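Values in this document were obtained by computation on a predicted structure and should not be read as measured data. For this chain, numbers begin at 1 and follow the sequence in order.
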Amino acid sequence: MAVPEVIPIAYEPHGRTEAIGCYADGQFMGSVTYAFPKGFDLDTGWEEHKRLYSVLHTFDSEGRYRESEIWCAGTWAEQQRAPHGPDSVLARARAHLATLLRSLPRRTYTDIAIRPFQLTVDGVLFGLLTGEDEGEAWAELLPQNLGFGEPWDGTYDT
């Protein structure tokens, strides 16, 4: 079975797809995620290169990509130096995403269906990519590394 033109993504409260749904102008997908820049070598100083991002992608009602708000809250090294409290990297990233989500009028959390897209920010690839390996079609949400495939019901593998 080929990759569908529009790929369903299931809303999962308290899961990796807890910040997806519909709003007045279409659909949205939010997340807080760590990522490395493309081509980074894990052997040296990885803690300073692993970045935490607040991400909000928006789509029209047909699942066509509109735009993204992507903000780097800091690095893994910073998070380890100050892991708790409102000034931690993780707390800042979560607060920023919450602000972005509140800006969406008539927001509801629910399943979405979007088309593949991609963009690069700070050397990090963001998007929903598709392909085929050994006859099996796949889609992957990056940099979260959520994999989608048959039966194309919106559930993901990590």
Side-chain angles (χ1 to χ4, degrees), residues 6-42 44-130 138-148 154-158:
V6 180
I7 299 162
I9 300 175
Y11 168 62
E12 185 179 276
H14 312 293
R16 305 266 310 265
T17 57
E18 68 181 354
I20 68 171
C22 296
Y23 73 112
D25 295 328
Q27 303 176 79
F28 67 90
M29 174 187 300
S31 67
V32 170
T33 185
Y34 277 103
F36 286 104
K38 223 173 174 183
F40 176 73
D41 179 7
L42 283 173
T44 55
W46 66 269
E47 299 90 348
E48 293 293 337
H49 295 277
K50 186 177 183 180
R51 303 177 198 138
L52 185 62
Y53 290 93
S54 288
V55 179
L56 179 65
H57 302 298
T58 57
F59 309 86
D60 69 14
S61 60
E62 301 298 316
R64 287 183 287 272
Y65 173 75
R66 279 201 174 132
E67 64 182 353
S68 296
E69 296 268 346
I70 298 173
W71 179 72
C72 181
T75 66
W76 176 259
E78 291 173 85
Q79 175 65 25
Q80 296 311 299
R81 287 192 292 271
H84 306 291
D87 293 327
S88 74
V89 171
L90 182 57
R92 289 194 315 254
R94 287 179 174 160
H96 189 78
L97 178 60
T99 298
L100 292 174
L101 291 169
R102 280 192 303 272
S103 74
L104 299 173
R106 296 194 314 272
R107 174 185 75 252
T108 59
Y109 295 96
T110 187
D111 298 349
I112 63 174
I114 61 173
R115 298 168 192 271
F117 72 100
Q118 67 181 42
L119 69 150
T120 301
V121 175
D122 296 338
V124 176
L125 181 60
F126 293 85
L128 182 63
L129 284 69
T130 62
W138 56 267
E140 185 173 10
L141 184 63
L142 295 174
Q144 296 90 331
N145 298 317
L146 301 182
F148 301 89
T155 58
Y156 61 83
D157 288 322
T158 56

At their closest point, which heavy atom of [X] faces which heavy atom of [Y], and how far apart are they?
X      : Y      : answer
Lys50  : Phe36  : CB-CE2, 3.5 Å
Gln27  : Ala113 : OE1-N, 2.9 Å
Thr155 : Ala10  : N-CB, 4.4 Å
Ser88  : Ala91  : OG-N, 3.1 Å
Glu18  : Tyr109 : O-CD2, 3.5 Å
His57  : Ser68  : ND1-OG, 2.5 Å

Keeping the roles fixed (side chain from [X], backbone from [Y]), state whether a donor-acceptor pair exists under 3.5 Å.
X     : Y      : answer
Glu78 : Thr75  : yes
Arg51 : Val124 : no
Arg94 : Val32  : no
Gln79 : Leu90  : yes
Arg92 : Ala73  : yes

Can you confirm whether [X] sits close enough to [Y] that some side-chain heavy atom of one is under 4.5 Å from a side-chain heavy atom of the other?
X      : Y     : value
Ile20  : Ile9  : yes
Leu119 : Ile70 : yes
Cys22  : Phe28 : no

Test side-chain contact (heavy atoms from CB on, under 4.5 Å) applied to Gln118 and Leu125, step by step: CA-CA 7 Å; Gln118 67 181 42; Leu125 181 60; 4.1 Å; yes
Spacing of [X] atom [atom1] and [Y] atom [atom2] [to the nearest 0.5 Å]:
X      : Y      : atom1 : atom2 : answer
Leu56  : Thr99  : CG    : OG1   : 11.5 Å
Asp25  : Phe59  : CG    : CZ    : 14.0 Å
Tyr65  : Asp60  : OH    : CG    : 12.5 Å
Tyr11  : Thr108 : OH    : OG1   : 9.5 Å
Gln144 : Thr17  : CD    : OG1   : 10.5 Å
Arg102 : Leu97  : CZ    : CG    : 9.5 Å

Before giving the answer on side-chain contact (heavy atoms from CB on, under 4.5 Å), spell out for Thr158 and Leu146 the whole-Å C-alpha distance, their side-chain angles and the decisive distance to 0.1 Å. CA-CA 5 Å; Thr158 56; Leu146 301 182; 3.6 Å; yes
According to side-chain contact (heavy atoms from CB on, under 4.5 Å), who are the partners of Leu128, at least two apart in sequence or on a separate chain?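 Only Ile7, Ile114, Phe117, Ala139, Leu141, Phe148 meet the side-chain contact (heavy atoms from CB on, under 4.5 Å) criterion with Leu128.
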Could you pull out all residues at least two apart from Pro105 that satisfy side-chain contact (heavy atoms from CB on, under 4.5 Å)? Tyr23, Ala24
Can you tell me if Glu12 and Tyr156 form a side-chain donor-acceptor pair at under 3.5 Å? yes
Just wondering, more than 12 heavy atoms not from Arg115 lying within 6.0 Å of its CZ? yes
For Tyr53 and Asp122, what are the C-alpha separation, side-chain angles and deciding distance, and is it a side-chain contact (heavy atoms from CB on, under 4.5 Å)? CA-CA 11 Å; Tyr53 290 93; Asp122 296 338; 3.1 Å; yes
